[in-house]
Each structure stands twice: as structure tokens, then as C-alpha cells.
Number of protein chains: 2
Amino acid sequence: MATRGRPRTFDPDTALRRALDLFWERGYEGTSLNDLAEAMGIASASIYSYFGSKENLFRKVMALYGTTSGEPPRRALHKQPTARTAIHDMLRATADEITRPDTPHYCMLILAAPTGAVENHAVREFLADLRRDMFATVKDRLARGVTDGDLTAPAAGLDAIARYYTTVVQGLSIQARDGADRAELESVITCAMAAWDTLTSAPSHRAMISSRSGR
Amino acid sequence: MATRGRPRTFDPDTALRRALDLFWERGYEGTSLNDLAEAMGIASASIYSYFGSKENLFRKVMALYGTTSGEPPRRALHKQPTARTAIHDMLRATADEITRPDTPHYCMLILAAPTGAVENHAVREFLADLRRDMFATVKDRLARGVTDGDLTAPAAGLDAIARYYTTVVQGLSIQARDGADRAELESVITCAMAAWDTLTSAPSHRAMISSRSGR
DNA sequence: CTCATTATTTATCGAACGACCGGAAAACCC
DNA sequence: GGGTTTTCCGGTCGTTCGATAAATAATGAG
């Protein structure tokens with residue numbers, strides 16, 4: 001290995017975890033380097049020497065977030081046997097994650113940087129890309145349901161259904177942020193799943209794209 | 001009237017409108033006083049003398065926002081004759097508003113300040129209160145449908161249904177922010193409305209609040 | 001031990017932040 | 001006119017922003 005030079009005194013993993021907690025609570029722009037340095041237990045200069053920049057630190061934080069808090073919903077999505085139970089369990093896993101007593105009550109991916117100063121456009125697009133991936137993952141799971149035979153929805157409607165449940169996931173974050181508890185989120189999920197049979201059985205979704213005169 | 005003293009050289013309404021545009025694009029914390037002063041065409045001291053503070057300016061901006069962009073969805077909600085058409089049209093009016101070519105593609109009420117620095121907690125709660133009002137307005141409209149006779153859902157389920165459609169509204173903002181166009185939002189709305197019959201006809205929503213073991 | 005290498009701390013950078021003066025400018029009153 | 005009131009602009013307050021340079025400390029290599 002040959003670790004020459006002065007050894008690091010801080011543990012990168014725990015430092016990253018502390019940075020995650022702070023970014024999660026305050027968002028990207030709401031978290032300052034001084035805040036981060038204090039929480040991580042190192043000087044801000046050490047953050048730059050190891051993580052490169054504030055933006056780069058945030059990207060690594062999001063990677064950690066994806067493998068921790070993002071894992072239960074993702075696992076539900078491809079461990080459940082049918083498309084229906086996969087979506088349903090994914091929603092419930094999401095609700096579980098955003099109502100944990102020890103973390104902020106919302107999804108960091110969704111609320112850490114939806115808007116902000118012009119100079120942080122790259123960060124916002126980075127998160128937007130991850131959210132679009134989320135939509136694609138949901139859609140892929142629905143497509144798998146079709147090939148598995150447990151879903152009979154027309155291929156043309158998969159896009160709409162995937163976007164619909166992605167929208168619900170994202171809306172749940174606002175609800176939890178504003179104080180909705182786990183039971184209230186569950187009631188939303190129940191309502192959202194009430195559309196499933198109509199969406200997947202009836203082939204009447206040819207008219208999904210309705211032309212609508214401007215108001 | 002007796003307007004003593006030096007008359008104002010700027011029009012408060014247009015200045016407020018300019019502030020609205022900037023806050024809308026960059027969010028609360030992402031907009032600086034220098035940015036605002038430049039866009040409003042007045043010095044930052046004039047902002048303080050007339051609007052009080054950055055936070056107070058933002059509150060007045062949100063009031064303007066509510067009476068402009070917030071009006072179409074609100075009007076749809078209580079102009080439509082039935083609860084169903086009211087909800088449906090409210091969703092479409094929302095989609096119209098957040099895909100207008102001349103404004104940012106999201107609802108300012110939802111995304112201007114979901115997270116941020118600790119010192120701006122009051123602003124976030126101010127917006128959260130407005131969002132909770134939004135939920136209450138939807139719920140009231142459903143209750144009106146019950147008294148009008150066009151809605152047969154049990155009173156216990158009104159909370160869940162109102163929260164569900166509020167969640168969809170809020171999710172739509174993220175979708176539009178991430179690039180979904182008007183037609184894609186319409187497909188989400190169609191999916192969301194597909195749950196209506198199931199939610200309002202079947203009285204099986206006694207089990208809406210399901211006890212769920214932690215995972 | 002000596003020296004090269006790496007990590008960390010301290011100090012600081014220029015710029016921007018929100019906030020707030022002091023005074024000039026422009027209207028009203030009498 | 002003079003005196004008063006109000007608005008506006010320029011400037012600047014102390015602080016904090018993200019980022020960096022220099023100096024110190026701690027290790028392995030030779």
C-alpha cells in the first residue's frame with residue numbers, strides 16, 4: 001500500500017456521513033462550508049484537499065444517500081414479484097424513509113436543490129438527472145411486469161403510469177415535509193393504488209393524450 | 001389625500017412584479033438584495049423603506065403570486081359544479097400554470113423554499129402554512145360535494161382523498177421542473193383521476209388506515 | 001538521521017451577503 | 001419664498017461566502 005506522508009486523522013466515511021446529515025437538513029445552498037467543517041470535525045481546507053469542492057462533496061454525499069436511504073424503495077421495486085406489488089411496496093418504502101424519526105422528513109434527492117442561485121445550475125441538473133433516472137427505473141419495472149405476464153397494460157400507457165407513480169412519490173416528500181405523518185402518507189398511497197386496476201385493465205388509454213384547448 | 005413629501009418614482013406594483021419574477025426563478029435564498037434592487041430598478045435602501053425587509057418583500061410577493069398564478073386552480077375548484085370536475089379542472093389549471101412558456105415551470109409556493117439555512121425557518125413555515133391551506137381548500141371542496149349530493153364518499157375518507165390530490169398537485173411541480181411537458185402532465189392527471197370512481201363509490205375505505213409493521 | 005511526501009491547521013483572500021446609515025433631491029405645507 | 005416631509009441614492013457597516021496559500025506536523029523511504 002505504501003501510505004507515505006502524514007496519515008489522515010479523520011475517517012472519510014464518517015465525515016461524509018456528517019456532511020450528508022447537514023446537506024439533508026439544510027439543502028445544498030443552505031449549508032455553508034463552515035457548517036460542514038464544524039460538523040465533519042475538520043477544517044474547511046481539508047474538505048477541499050480531500051473532496052475537491054463543495055459541489056464535489058455534495059455529489060459524493062448524494063452517492064451515499066442513494067445507497068442508503070434510496071435502497072429500500074429500489075429494492076422493493078425489483079424484489080417484489082409483480083409490477084403491482086412492486087409499485088405499492090416502493091411507495092410504502094418511500095413513506096417509511098421520509099418519516100423516520102432520526103432524519104429529516106423528506107427525500108433529499110427531491111428537496112435539496114429544486115431552485116436556487118444561477119451559479120448552482122449544475123447541481124440542480126445533477127439532481128434532476130437522478131430524478132429522471134428514478135422515473136426510468138419505475139418504467140422499466142412496469143415493462144418487466146408486461147414481459148412477466150402480470151401486467152396487461154398497453155405499452156403506450158407505461159410512460160403515463162410510470163410518470164404518475166413517480167409524481168406521487170415526489171408529492172409525498174412535500175406532504176411529509178409539511179408535517180404529514182406515516183398514517184396520512186399511507187392513506188395517500190392507498191388512494192394512489194386505487195387507480196391501478198383502472199389503469200392496467202381497461203385498454204381505453206388510447207385517449208390518454210387528450211387535446212386540450214388553452215384556457 | 002394630501003401626499004406630502006417627495007413622491008415615489010417607482011411603481012410599487014411593477015416593482016413587486018419584478019421581485020416576483022426573480023424570486024420565482026431563484027427561490028428565496030437564491031435571490032440576493034442586490035439582484036432584487038437591480039431588477040426592481042431601485043436601490044436596496046428603497047426596498048427596506050417601502051417593503052420593510054427581504055422576508056417581508058417575499059411575503060408580499062407570495063400574496064401577489066396567490067392572486068395571479070394561484071387564481072386559475074382556485075377558481076376551477078369552486079366554479080366547477082361537481083367535486084369531480086372541480087378536482088379534475090383544478091389539476092389541469094395547475095398543469096397549465098406550471099407549463100406557461102413565459103414563467104418558470106413549477107409552482108413557486110412549492111419550490112421557492114422547501115429547505116434552507118436555519119435562519120430562514122420562518123419563511124419556510126410561512127410557505128408550509130400556505131400549502132396546508134391548499135389542502136384544506138381541497139378538502140372543503142370535497143365536503144361541499146357531499147352536501148351538494150354529487151359525492152357519496154364517506155366523511156372519514158375525505159381527508160385521504162383531499163391529501164391524495166394535493167400530493168398529486170405538488171408532485172406535478174417536480175415533474176414540470178424536471179422537464180415534463182404539458183401533455184405528459186395531462187397523462188399524469190388522467191391516471192390520477194382514474195382513481196376517482198374507486199375512491200368515491202366503494203365504501204371500503206374503512207381500512208384506509210392500515211396498520212403496517214415497520215420494515 | 002535526513003529528507004521527501006502527505007495531511008492538517010492557521011491565516012487569509014476577494015467577493016458577496018443582508019442591513020443600514022447620512023444626506024441630497026423633490027415634493028408638499030404655510 | 002421658507003420649512004417640513006418623504007424618497008432615493010451612494011456608501012459602508014460587520015459578517016460570511018467559497019476557496020486558497022503558507023506554514024506546521026507526522027509519517028515512510030533511503
Side-chain angles (χ1 to χ4, degrees), chain A residues 1-16 18-19 22-23 25-61 112-113 115-124 126, chain B residues 1-16 18-19 22-23 25-61 112-113 115-124 126:
Chain A
M1 227 13 119
T3 67
R4 306 230 314 197
R6 178 175 174 174
R8 219 188 320 280
T9 58
F10 70 92
D11 176 27
D13 288 340
T14 67
L16 196 67
R18 301 246 178 92
L22 216 57
F23 274 129
E25 180 194 338
R26 307 180 187 180
Y28 179 73
E29 293 187 4
T31 308
S32 73
L33 271 183
N34 280 352
D35 297 336
L36 288 166
E38 185 182 352
M40 297 166 81
I42 55 179
S44 67
S46 294
I47 296 179
Y48 274 84
S49 70
Y50 187 82
F51 295 101
S53 66
K54 183 189 181 185
E55 177 176 339
N56 208 269
L57 169 62
F58 181 73
R59 289 172 184 264
K60 284 171 180 160
V61 158
T115 64
V118 282
E119 65 260 30
N120 297 124
H121 175 260
V123 172
R124 288 192 292 280
F126 165 67
Chain B
M1 226 20 115
T3 65
R4 306 229 311 193
R6 176 176 175 176
R8 223 188 318 279
T9 57
F10 69 92
D11 176 28
D13 289 339
T14 66
L16 197 65
R18 301 247 178 92
L22 216 57
F23 274 128
E25 181 194 340
R26 307 180 186 180
Y28 179 72
E29 293 187 2
T31 309
S32 75
L33 270 184
N34 280 353
D35 296 336
L36 288 166
E38 185 180 355
M40 299 165 79
I42 56 179
S44 66
S46 296
I47 296 179
Y48 273 85
S49 70
Y50 187 82
F51 295 101
S53 66
K54 183 189 181 184
E55 177 176 337
N56 208 269
L57 169 62
F58 181 73
R59 288 172 185 264
K60 285 171 179 159
V61 158
T115 65
V118 282
E119 64 260 30
N120 297 123
H121 176 260
V123 172
R124 288 192 293 279
F126 164 67

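Protein chains get the first letters and strands the later ones, always in sequence-line order, with residue 1 at the start of each. For clarity, every value in this text was computed on a predicted model and none was experimentally measured.
The nearest heavy atom of DNA chain D to B/Thr9 and to A/Glu29 marks one nucleotide each, and the one closer to the 5' end goes with B/Thr9. If you find the closest nucleotide of DNA chain C to A/Ser49 and to B/Lys54, the one lying nearer the 5' end belongs to A/Ser49.
B/Asn56 has its CG atom 13 Å from the P atom of C/dC20, to the nearest Å. A/Asn120 has its CG atom 12 Å from the P atom of C/dC17, to the nearest Å. In this structure, the CD atom of B/Glu38 is 13 Å from the P atom of D/dC9, given to the nearest Å. We find that CG of A/Leu33 is positioned 18 Å from P of C/dC13, with the value rounded to whole Å. Here C/dG18 presents its C1' atom at 13 Å from CG of B/Leu57, a figure rounded to the nearest Å. Put simply, CZ on B/Arg4 is 5 Å from C1' on C/dC29, counting in whole angstrom units. Atom P of nucleotide C/dA7 and atom CE of A/Met40 are separated by 15 Å, given to the nearest angstrom. Taking atom CZ of B/Phe58 as the reference point, atom C1' of C/dG18 lies 16 Å away to the nearest angstrom.
In this structure, B/Lys54 is positioned above the aromatic face of B/Tyr28, its NZ or CZ under 6.0 Å from the six-membered ring centre and within 45° of the axis.
Put simply, A/Ser46 has a side-chain N or O that comes within less than 4.0 Å of OP1 or OP2 on C/dT9. Under 4.0 angstrom from either OP1 or OP2 of C/dC17 there lies at least one side-chain N or O belonging to B/Asn34.
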Table of protein N/O atoms under 3.5 Å from nucleotides 20-24 of chain D N/O atoms:
none

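Atom-to-atom distance recorded for A/Met40:CE and A/Asp11:CG is 10.5 Å, nearest 0.5 angstrom. The distance from the OG atom of A/Ser44 to the CG atom of A/Asn34 is 6.5 Å, given to the nearest 0.5 Å.
Listed nucleotides: C/dC17, D/dT7, D/dT5. Nearest to the side chain of B/Ser32: C/dC17. The nucleotide whose nearest atom lies closest to any side-chain atom of A/Arg8 is, among D/dT5, C/dT8, C/dT10, C/dT8.
Under the ring-ring contact (aromatic ring centres under 6.0 Å, His included) criterion, A/Phe126 pairs with no residue at all, not counting sequence neighbours.
B/Glu29 places a side-chain N or O within donor-acceptor distance of the main-chain N or O of B/Ala117, the cut-off being under 3.5 Å.
Crowding of B/Glu55 atom CD: a count of heavy atoms from other residues, nucleotides or ligands under 6.0 Å exceeding 12.
Checking A/Asp35 against A/Ser32 by side-chain atom types alone, a donor-acceptor pair falls below 3.5 Å.
Nucleic acid contact for A/Phe10: sugar-phosphate only, since backbone atoms but no base atoms lie under 4.0 Å from a heavy atom of the residue.
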